[in-house]
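In this chain, numbering begins with 1 at the start of the sequence shown. The structure presented is a predicted model; accordingly, all values stated were derived computationally and were not measured.
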Amino acid sequence: MNGFSAGEEDSRGPPDQVCCLVDDGFRCHRPAGNASYSKRIQKTVTQRRLKLHLDLVARHVYICDYHKGVIQSARSKRKRKDSEDDSNETDTDVPEVDFYQLQVNTLRRYKKYYKVATRPGLNKAQLADTLLKHFKTLPVNEKEALSFFIYTVKSNSNKLDHKSNSDNT
C-alpha cells in the first residue's frame, strides 16, 4: 500500500495512536512514531513557516515518520537569498551537510580544528547550528579539491594519515 490509514498497526507505537499534527488544516492519520513534538521542534516549524500545528484534541505529542522527515529537512536546508542570481552553474541543487546527524564529539573536533568561537554550554543542536553557519562561509575551490581527491585516491595515500615532524612538537 502507498499510504497509511488510521487502523493499520505500526511497530513503533500502539495502533490507536496516530500523528498528533494538523498539516495545512487537515489532521494527519499516519501512525505515530517515537519522535515527539517538542518545544524545539515547534520553534523550528514556526521559524520555517511550515503549515503544521499540534492538534488540541490529541492525547499525546508523538508525530509520524513522514512529518519527522519534513521537519528535519526544513531544519537542515536553509534557503540562500541570492543563490540563483549569483550562480552561473546549471545545477542549482547544492547538497547540504546535515550537521544534526553528526555525533557531538565530531562537532567538537570540527570546532577545535577550525577554532570556531562559541559560547560555553551549547547543546548539540545549538553547536550544529553554529558550525553549519561556519561551514557555509568556507571558500572551496572545487577544481582543486577534486584534483587533490583524485590524486590521493590514485596514489593510495592521504597526507592527513601521516604526521609530519612539525606536528610532533
Side-chain angles (χ1 to χ4, degrees), residues 1-87 89 91-140 142 145:
M1 276 188 162
N2 287 342
F4 293 104
S5 67
E8 289 180 347
E9 288 198 21
D10 189 278
S11 61
R12 290 175 291 278
D16 60 333
Q17 279 193 347
V18 295
C19 182
C20 67
L21 294 179
V22 175
D23 188 349
D24 199 18
F26 297 99
R27 172 71 191 262
C28 178
H29 292 289
R30 293 178 184 90
N34 59 357
S36 62
Y37 192 68
S38 65
K39 293 287 183 187
R40 191 181 104 220
I41 300 298
Q42 190 173 5
K43 182 179 174 186
T44 300
V45 167
T46 304
Q47 287 175 342
R48 302 288 183 256
R49 293 188 176 108
L50 301 177
K51 295 180 180 180
L52 299 172
H53 67 274
L54 186 63
D55 187 1
L56 300 176
V57 298
R59 295 185 209 161
H60 61 83
V61 291
Y62 295 106
I63 62 176
C64 64
D65 290 336
Y66 170 76
H67 284 115
K68 177 182 173 184
V70 167
I71 293 166
Q72 282 180 333
S73 66
R75 183 174 62 181
S76 63
K77 292 180 183 173
R78 300 181 186 236
K79 294 180 182 176
R80 296 181 184 180
K81 292 179 184 174
D82 42 73
S83 62
E84 290 180 16
D85 298 337
D86 293 344
S87 177
E89 300 174 26
D91 185 18
T92 59
D93 193 20
V94 179
E96 294 276 339
V97 177
D98 191 0
F99 275 67
Y100 302 97
Q101 298 297 322
L102 298 175
Q103 296 177 355
V104 176
N105 286 340
T106 306
L107 295 173
R108 287 182 184 142
R109 286 175 60 198
Y110 178 97
K111 176 186 162 189
K112 182 178 177 182
Y113 181 84
Y114 285 103
K115 298 175 183 155
V116 178
T118 61
R119 63 179 176 85
L122 293 179
N123 63 27
K124 181 182 175 181
Q126 292 167 329
L127 183 58
D129 277 337
T130 303
L131 298 181
L132 183 61
K133 288 175 188 170
H134 174 265
F135 180 76
K136 288 184 176 185
T137 65
L138 294 176
V140 177
E142 293 176 7

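Among all heavy-atom pairs drawn from Ile41 and Ser36, the shortest one is CG1-O, 4.0 Å. Nearest heavy-atom pair, Cys19 versus Cys64, reported as atom, atom and distance to 0.1 Å: SG-N, 3.4 Å. Here the shortest heavy-atom pairing between Thr130 and Val116 reads CG2-CG1, 4.3 Å. The two residues Gln126 and Gly121 have their closest heavy-atom pair at OE1-O, 4.4 Å.
Atom CZ of residue Arg48 and atom NZ of residue Lys43 lie 10.5 Å apart, to the nearest 0.5 angstrom. Here CG of Leu131 is found 11.0 Å from OG1 of Thr106. Values are rounded to the nearest 0.5 Å. Rounding to the nearest 0.5 Å gives a distance of 10.5 Å between CZ of Arg30 and CG of Leu21. The CG atom of Leu127 lies 6.5 Å from the NZ atom of Lys111; values are rounded to the nearest 0.5 Å. The CZ atom of Phe26 sits 13.5 Å away from atom CG of Asp55, with the distance rounded to the nearest 0.5 Å. Put simply, CZ on Arg108 and NZ on Lys124 are 11.0 Å apart, with the number rounded to the nearest 0.5 Å.
A 4.5 Å side-chain heavy-atom check between Ile71 and Ile63 finds at least one atom pair inside the cut-off. The closest side-chain heavy-atom distance from His134 to Thr137 is below 4.5 Å. For the pair Arg27/Val18, a side-chain contact is recorded, criterion being any heavy-atom separation below 4.5 Å from C-beta on. Contact check for Tyr110 versus Leu102: no side-chain heavy atoms found under the 4.5 Å cut-off. Inter-residue side-chain proximity for Leu54 and Gln42 is flagged as unmet; no heavy-atom pair is nearer than 4.5 Å.
For Lys51, the NZ atom is loosely surrounded, since the number of other residues' heavy atoms within 6.0 Å does not exceed 12. Annotation for Gln47: atom CD counts as buried by contact number, over 12 foreign heavy atoms lying within 6.0 Å. Around the CG atom of Leu138, the shell of radius 6.0 Å holds more than 12 heavy atoms that belong to other residues, nucleotides or ligands.
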